[in-house]
> 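Structure incoming, see below.
Residue numbers begin at 1 in each chain, while the letters A, B, ... track the order of the sequences.
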There are 2 protein chains.
Amino acid sequence: MTVTLADVAARAQVSPATVSRVLNGNYPVAASTRERVLKAVDELDYVLNGPASALAAATSDLVGILVNDIADPFFGIMASAIQAEIGGPGGRAGGERLAVVCNTGGSPERELTYLTLLQRQRAAAVVLTGGAIEDAAHQAAMDAKVRKLADAGTRVVLCGRPPAPDTGAIALTFDNRGGGQELTEHLIGLGHRRLGYIAGPEERTTTRHRLEGHRAALAAHGIEEDPRWTVHGRYDRRSGYEATLELLRRDPSLTAVVAANDSVALGACAALRDSGLRIPEDVSVAGFDDLPFSIDAVPSLTTVRLPLAEAGARAGRIAMGREEAPPGGIASVRGELMVRGSSGVPRS
Amino acid sequence: MTVTLADVAARAQVSPATVSRVLNGNYPVAASTRERVLKAVDELDYVLNGPASALAAATSDLVGILVNDIADPFFGIMASAIQAEIGGPGGRAGGERLAVVCNTGGSPERELTYLTLLQRQRAAAVVLTGGAIEDAAHQAAMDAKVRKLADAGTRVVLCGRPPAPDTGAIALTFDNRGGGQELTEHLIGLGHRRLGYIAGPEERTTTRHRLEGHRAALAAHGIEEDPRWTVHGRYDRRSGYEATLELLRRDPSLTAVVAANDSVALGACAALRDSGLRIPEDVSVAGFDDLPFSIDAVPSLTTVRLPLAEAGARAGRIAMGREEAPPGGIASVRGELMVRGSSGVPRS
DNA sequence: CCGTATATAGAAAGCGCTTGCTGTAACGCT
DNA sequence: AGCGTTACAGCAAGCGCTTTCTATATACGG
């Protein structure tokens, strides 16, 4: 049998109500009584029953963080930052909160399932990270779920994900379009006119926005795009490797390859090297995100830095009600172009 | 007001008990009744109240995964694999389980706090990943906590962490010592006699075991170790960079650098390159773990592959009671030496 | 010195669910 | 036909906590 509140109360010679109040610290209790209770708690090694507490109080100290791929540092960094902000005391009585990271693996079903699970646990807040899946039915289902969560008092924050209008969710969106455009403009400025683009999976907002930025830059400079120059793949290195070989096969005259993210760019570099091409002398490469390893690549990667940790921290604070939501519930987070060794003037 | 079991019962014209049984599927219910209930659930958009359910049933569907650093793919990969095994149906009624990843940041206090939080939530299982902190007091506190959890019916699995005897926890330990030894022996076999070692943080089992393996290899070949050849640091790239410069300063005649893990090794490579040294012609470099990016480094990294995903998956299955625990509750997981471009014969 | 405000503690009513036990038909057997 | 079984369904007692309301004790103002 585990120790209950009543046991502690008996030992401290007070009522269960008093013990509860001491533990929650939300009601005046005489110092001497408090001490007696705390002593009993300690002696009995009492641990509050979370479910019972959540049931009675109709709130829980669970905070959910949904990520597409926990093995990807892009999400790991955000999750880490969010969790760091959540760990501390917040809302109800200096109580610790349990930040739970849920890995959807990019699957629509799991995303929805996790949201239901969190709703079931009456989570205090939920942070959804990364791009959304662009499927009308799924979007609608997600929005409905989010709205329901928000209605039930769960604070919902989107971090690095487009806003979901009329759902009550607060959005910290990454300016993927702007970053993509800036990146490609840098390459164009260097003199590149034949640029390959390795996009992420289709039906993802992040993929689409980055690609749109790329195309906007091309259009702005009057460069007509060849459909052969775009290949879709996954957000991992392997995919970048294969896509680059494909790109090279389709048009060996490309002088630059823009990747959907840094991992993909690394794969692209490997493929280029394996094809006997030098970076950036023969082909320039650019990534996106500026993950920690990007500066370590040889040559170091030109990319767009996304303030993942900062955005995550802010999302965490907003989720905890420790920071005000941005006006209109939407804020755009800009990326910063990082020009490094992997981009240079095109070969003549 | 949210929808409750009673509402569903009323709508389906049955008793709450019946609804509960339909939902849990652990008691015979006539097909026609079940359908009626399910229909009502659907129509009312009913979501079970997790805390209430956990309270009444004295169990919850939460599974905790503790990691030292969620932004590090080493943990991300394990967590991902564990979670994949847990997501599915298990134990009680095809019910989904909520796998929660808790980021301790390597802090002893947070580790303990999270364990308490999970205990409070009456977690169904807990998986502790990665090396443990070697502090007697902390160890004792952890062991006591783990024992308490196990006593309360929570299954505890250690993945990549040394066994905790008499705690009821099941351990899947990585053979860090053996891997470290094999790695250094490879280097010695190549002809190296002056090897630098960049160790991880002190007071960590992983750090100690890998270092012990390294020293065992040296000893086995009659190489006397110079204390200047070992530097401690963190498990990240930055630390590897700095430690390598320090190593070079202390003894420029080193012909090989063994790193605590792959990230550190990457930092070492960068430092060597920045010092005008070629890899492996001037200095060989070796890592540990074989994370995905290691093969992409230039030159690709010689390292010890740890089957992180496999071990994680197994830990997950054991935690769910879907796979039998190894005999004695302890299993050692071996690493595999991956010889690649970063190691070669020493310069003469 | 009394009436009222103030501080502190307890009693008790749930929170929404699970489950042991108790019906009550319908069924099968002799 | 009579009776033990079997298959469902409902009743009701909690699970361990929070919180409203109430009770008591002390303090204060006049």
Side-chain angles (χ1 to χ4, degrees), chain A residues 1-38 40-41 44-62 91-93 95 119-122 124 152-153, chain B residues 1-38 40-41 44-62 91-93 95 119-122 124 152-153:
Chain A
M1 192 51 198
T2 53
V3 183
T4 72
L5 238 210
D7 299 330
V8 176
R11 172 140 198 150
Q13 316 228 54
V14 295
S15 73
T18 302
V19 177
S20 170
R21 299 203 256 246
V22 168
L23 262 24
N24 288 297
N26 53 5
Y27 193 88
V29 173
S32 65
T33 312
R34 182 199 326 286
E35 247 172 65
R36 207 147 26 94
V37 170
L38 256 26
V41 166
L44 294 178
D45 215 2
Y46 170 69
V47 176
L48 189 71
N49 182 315
S53 169
L55 172 58
T59 67
S60 98
D61 46 11
L62 228 62
R92 199 154 61 95
Q119 179 183 9
R120 175 177 301 181
Q121 298 298 331
R122 305 299 190 253
Chain B
M1 193 50 200
T2 52
V3 183
T4 74
L5 239 210
D7 300 331
V8 176
R11 173 142 198 148
Q13 316 227 56
V14 295
S15 73
T18 301
V19 177
S20 170
R21 299 202 256 245
V22 167
L23 262 24
N24 286 297
N26 52 6
Y27 194 86
V29 173
S32 65
T33 313
R34 185 202 320 289
E35 246 172 65
R36 206 146 28 92
V37 170
L38 257 29
V41 165
L44 293 178
D45 214 3
Y46 170 69
V47 175
L48 189 71
N49 182 316
S53 168
L55 172 58
T59 67
S60 95
D61 46 11
L62 228 62
R92 197 152 63 96
Q119 180 183 8
R120 176 176 299 180
Q121 298 298 331
R122 305 300 189 253

> Nearest whole angstrom, please: distance from the P of D/dG16 to the CG of A/Leu23.
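Whole-Å distance recorded here is 16 Å.
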> Round to a whole Å and report the spacing from CG of A/Asn49 to P of C/dC15.
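Atom CG in A/Asn49 sits about 18 Å away from atom P in C/dC15.
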> Show your reasoning for whether side-chain contact (heavy atoms from CB on, under 4.5 Å) applies to A/Asp61 and B/Gln121.
CA-CA 10 Å; A/Asp61 46 11; B/Gln121 298 298 331; 3.2 Å; yes
> Between atom CZ in B/Arg122 and atom C1' in D/dC17, what is the gap in whole Å?
11 Å
> Take atom CZ of B/Arg36 and atom C1' of D/dA9, then tell me their distance rounded to the nearest Å.
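Taking CZ of B/Arg36 and C1' of D/dA9, I get 11 Å after rounding.
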> Are B/Asp45 and B/Val3 close enough, and set up right, to give a side-chain contact (heavy atoms from CB on, under 4.5 Å), and what steps lead you there?
CA-CA 8 Å; B/Asp45 214 3; B/Val3 183; 6.0 Å; no
> Compare the minimum distances between each of D/dA12, C/dC21, C/dC17 and the side chain of B/Ala17, then state the nucleotide with the smallest one.
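Nearest listed nucleotide: D/dA12.
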> Would you indicate which nucleotide in C/dA11, D/dG10, D/dT18 comes nearest to any side-chain atom of B/Tyr27?
D/dG10
> For B/Leu5 and D/dG10, what is the distance between atoms CG and P respectively, to the nearest whole Å?
13 Å
> Compare all side-chain heavy atoms of A/Asn49 with those of A/Thr4 and state whether any distance is below 4.5 angstrom.
no
> Measuring to OP1 and OP2 of D/dT18, would you say a side-chain N or O of A/Ser20 lies under 4.0 angstrom away?
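So the side chain of A/Ser20 is within the cut-off, an N or O lying under 4.0 Å from OP1 or OP2 of D/dT18.
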> Taking OP1 and OP2 of D/dT18, is either one under 4.0 Å from a side-chain nitrogen or oxygen of A/Asn24?
yes
> Quick one, B/Thr33 with B/Val22, criterion side-chain contact (heavy atoms from CB on, under 4.5 Å). Give me CA distance, side-chain angles, the key distance, then yes/no.
CA-CA 9 Å; B/Thr33 313; B/Val22 167; 5.5 Å; no
> Under 4.0 Å between a side-chain N or O of A/Ser15 and OP1 or OP2 of C/dG10?
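So the side chain of A/Ser15 is within the cut-off, an N or O lying under 4.0 Å from OP1 or OP2 of C/dG10.
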> What heavy-atom pair brings A/Pro51 and B/Leu55 nearest, and what distance separates the two atoms?
CB-N, 3.9 Å
> Would you say A/Arg122's side chain and A/Ser60's backbone share a donor-acceptor pair under 3.5 angstrom?
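Between the backbone of A/Ser60 and the side chain of A/Arg122 there is no qualifying donor-acceptor contact (under 3.5 Å).
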> Is the phosphate of D/dT18, meaning OP1 or OP2, less than 4.0 Å from a side-chain N or O of A/Asn26?
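Answer no for this pair, as no side-chain N or O of A/Asn26 is under 4.0 Å from OP1 or OP2.
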> What's the closest nucleotide to the A/Ala57 side chain, out of D/dG16, C/dG16, D/dT19?
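Closest nucleotide to the A/Ala57 side chain: D/dT19.
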> Rounded to the nearest angstrom, tell me the gap between atom CG in A/Asp7 and atom C1' in D/dC17.
13 Å
> If every non-hydrogen atom of A/Ala12 is compared with every non-hydrogen atom of A/Val37, which pair is closest and at what distance?
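Distance-wise, the nearest heavy atoms are CB-CA, 3.9 Å.
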> Which atom names give the shortest non-hydrogen contact between B/Leu23 and B/Tyr46, and what distance separates them?
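For B/Leu23 versus B/Tyr46, the nearest heavy atoms are CD2-CE2, 3.7 Å.
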> Counting side-chain heavy atoms from CB outward, which of D/dG16, C/dG16, D/dT19 is closest to A/Ala52?
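Nearest listed nucleotide: D/dG16.
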> Choosing from C/dC17, D/dC15, D/dC17, which nucleotide comes nearest the side chain of A/Ala56?
D/dC17
> In whole Å, what is the span from the CG atom of B/Leu55 to the C1' atom of D/dG16?
6 Å
> State which of C/dG10, D/dC17, D/dG10 makes the closest approach to the side chain of A/Ser53.
D/dC17
> Under 3.5 Å, is there any donor-acceptor pair linking the side chain of A/Arg21 to the base of C/dG10?
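Per atom types, the contact qualifies.
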> By nearest atom, which of the nucleotides D/dG16, D/dG10, C/dG10 is closest to the B/Thr18 side chain?
D/dG10
> I need the residues from residues 28-35 of chain B with at least one non-hydrogen atom less than 4.0 Å from DNA chain D; give them sorted by number, or say none.
B/Pro28, B/Val29, B/Ala30, B/Thr33
